[in-house]
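Worksheet for the structure shown next.
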2 protein chains.
Amino acid sequence: MTTADNLTKFLPLYAQVKQLLVQRLIDKTWTPGMGLPSENQLAAELKVSQGTVRKALDEMAAEKLVVRRQGRGTFVAEHTQEQALFHFFRLVDAEDQQKIPESEVLSLEVAEANELEVQRLGINSGDQVTRIERLRRLDGLPVIYEIISVALRLMPNVAEEARLPNSLYGLYQRDYGLSVLKAVERVRAVNASTPETTLLGIKSGTALLEIERTATSLDGQAIELRVSRCHTDKYRYMVELT
Amino acid sequence: MTTADNLTKFLPLYAQVKQLLVQRLIDKTWTPGMGLPSENQLAAELKVSQGTVRKALDEMAAEKLVVRRQGRGTFVAEHTQEQALFHFFRLVDAEDQQKIPESEVLSLEVAEANELEVQRLGINSGDQVTRIERLRRLDGLPVIYEIISVALRLMPNVAEEARLPNSLYGLYQRDYGLSVLKAVERVRAVNASTPETTLLGIKSGTALLEIERTATSLDGQAIELRVSRCHTDKYRYMVELT
DNA sequence: GAGTGGTCTAGACCACAAT
DNA sequence: TTGTGGTCTAGACCACTCT
């Protein structure tokens with residue numbers, strides 16, 4: 001590894017190697033599911049020891065950017081339906097069992113971004129967004145009403161999709177090369193009004209859990225804003241703090 | 001490290017070393033704030049290489065069991081007021097700034113455990129608990145009403161404390177050697193009734209965020225149950241998913 | 001059998017903190 | 001100056017996967 005390889009100096013060598021490898025994920029030199037070169041190949045290419053490459057890859061594996069499999073190789077992490085749902089969907093039943101929802105699309109529109117969408121998606125005032133309105137069921141009962149917003153510029157053809165999958169994150173990755181790797185959720189309690197009262201079959205004023213999620217990609221770019229209102233009489237939002 | 005050192009075989013050496021070191025934290029051979037022997041001393045004692053000890057200690061540092069300081073040594077992690085509050089208190093204001101609450105104790109009693117306390121604290125039906133009822137303020141305004149329950153057997157003298165600190169986790173550690181290292185929070189939305197309406201100055205039926213937290217120690221023992229009802233008109237419960 | 005990641009070791013050098 | 005953890009290297013051997 002020459003001095004010109006990396007302008008951010010004063011970093012340990014393994015951290016520089018990691019930055020370089022992460023950059024190749026960002027610029028899509030390596031795409032989800034693809035196998036990376038072996039540790040020895042990378043070490044030879046970058047002129048560092050195998051141990052240094054290993055430390056970089058181990059950190060990337062800890063951050064779930066890559067998956068390492070003994071005897072097979074190192075692969076770029078990819079989203080499957082189940083992974084994305086289990087990873088980001090945090091509602092559990094009374095026995096702490098994670099539940100996976102079904103989804104029904106209620107409406108789909110392209111419109112000018114509102115103030116929250118501008119702020120969270122990092123777009124300009126006046127930009128357009130695609131908005132998806134969904135009702136989600138757990139154990140067959142309607143529990144969640146949510147509105148999903150994505151920037152039209154980032155994903156031009158979402159509204160033309162014939163059939164939207166239950167987990168949209170696989171679609172973002174497959175059709176637009178956008179991998180949701182991080183998310184921030186801001187949660188509060190709100191009193192139900194229309195349309196939740198009708199859709200969820202509850203009285204006006206019933207307390208609902210509102211989850212506002214901003215999902216971002218590897219390089220910190222906002223991919224999706226999602227505001228979900230959940231009826232939490234039978235379910236809980238569970239978080240583990242460590 | 002001889003074969004008799006550890007009965008759980010078929011584990012990598014560094015994992016066995018880690019288990020052994022963690023055991024010394026559990027049995028309080030090393031207590032919070034105390035410095036551990038150096039990597040070389042541990043390596044010599046356990047008859048493994050320094051690199052193997054290093055890998056064990058690095059994992060323990062990642063789990064925040066120990067703190068490593070270059071040039072000084074490795075120390076058992078300890079709770080300070082600020083650390084515990086910042087780590088477990090997740091309410092933020094509109095600018096995503098983490099807020100630290102003041103606390104006012106409303107009542108303190110010893111009583112027979114209810115069903116939830118029995119379940120969450122892993123105690124027997126009929127066992128006694130100490131219950132603390134608190135009102136917490138953010139920016140001077142009452143925002144949280146909470147009830148904290150701890151097993152009387154585990155912490156016999158909490159009710160005799162002259163003055164309970166804002167963060168109880170430091171007290172648990174100092175007076176009873178119980179370090180809260182993990183917590184599970186189950187969150188739902190509820191409609192306010194007494195006494196929250198009076199204490200928080202809100203109308204009956206206002207949606208409140210209810211956070212039920214079970215805090216556990218290193219060996220998985222439940223230390224505390226806490227049910228907090230939060231007025232989330234000005235604040236959000238924020239979680240980062242990675 | 002060949003190639004991969006996983007473990008373990010040994011040694012060198014560096015950055016930092018205490019004395 | 002001494003001792004600590006942090007980085008980097010090189011090499012050996014193991015466990016697993018594929019062909």
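So that the names make sense, note that chain A is the first sequence line, chain B the second, and so on, each numbered from 1.
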Parallel under 30°, tilted from 30 to 60°, perpendicular over 60°: which one fits the rings of B/H79 and B/Y169?
-> tilted

Heavy-atom side-chain proximity of B/Y237 to B/L91 below 4.5 angstrom = yes

Distance, rounded to the nearest Å, where A/F75 contributes CZ and D/dC16 contributes C1' = 13 Å

Nearest-Å distance, CZ (B/R69) to C1' (D/dG3)?
-> 16 Å

Can a salt bridge be assigned to the pair B/E63 and B/K18 using a cut-off of 4.0 Å between side-chain N and carboxylate O?
-> yes

Charged N to carboxylate O below 4.0 Å: is that the case for A/D96 and A/R236?
-> no

When rounded to the nearest 0.5 angstrom, what distance separates CZ in A/R54 from OG in A/S49?
-> 10.5 Å

With a non-hydrogen cut-off below 4.0 angstrom, is A/R54 in contact with a base, only sugar-phosphate, or nothing?
-> base

Between A/R72 and D/dC18, is there a side-chain N or O to OP1/OP2 distance below 4.0 Å?
-> yes

Does A/R136 reach the main-chain N or O of A/N166 with its side chain, forming a donor-acceptor pair under 3.5 Å?
-> yes

Outermost DNA chain C nucleotides near chain A [under 4.0 Å, heavy atoms] = C/dG3 to C/dT7

Closest-nucleotide ordering on DNA chain D, the 5'-leading residue of A/V53 and B/R68 = B/R68

